[in-house]
Amino acid sequence: MSSDLTGAQFRENSLSDRSGNCVEVSTSLPGLVAVRDSKDPFGPALAFAPPGGARSSAA
């Protein structure tokens with residue numbers, strides 16, 4: 001599985017809290033769900049294969 005996140009479009013997860021402890025999720029790349037800390041958008045991100053290999057709509 002490729003974990004190149006170039007071109008990923010991240011959005012804030014709907015379950016993030018209002019205190020600034022937020023995660024952002026990207027499902028814009030085929031075959032990947034990526035998660036990162038919204039306070040560090042240029043820092044590391046975790047990339048996963050969606051369940052069943054299908055594109056996930058997690059948000």
Side-chain angles (χ1 to χ4, degrees):
M1 172 175 67
S2 172
S3 58
D4 180 8
L5 301 179
T6 302
Q9 298 172 353
F10 285 88
R11 66 186 183 283
E12 187 173 311
N13 188 289
S14 61
L15 299 176
S16 296
D17 68 25
R18 297 177 192 263
S19 68
N21 296 319
C22 302
V23 296
E24 295 178 334
V25 176
S26 175
T27 57
S28 63
L29 299 174
L32 282 178
V33 175
V35 181
R36 71 180 182 189
D37 183 347
S38 63
K39 295 182 298 290
D40 190 9
F42 299 105
L46 298 174
F48 303 93
R55 187 170 175 203
S56 174
S57 60

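The chain is numbered in sequence order, starting from 1. These values consider heavy atoms only, across backbone and side chains, with no hydrogens, waters or symmetry-generated copies. All values reported here derive from a predicted model rather than from experimental measurement.
Rounding to the nearest 0.5 angstrom, the gap separating the CD atom in E24 from the CD atom in Q9 is 12.5 Å. Here CG of D37 is found 10.5 Å from CG of L46. Values are rounded to the nearest 0.5 Å.
Contacts of A8 classified as side chain to side chain contact (heavy atoms under 4.5 Å, CB included), with partners at least two apart in sequence or in another chain: L5, F10, S26, S28, L29.
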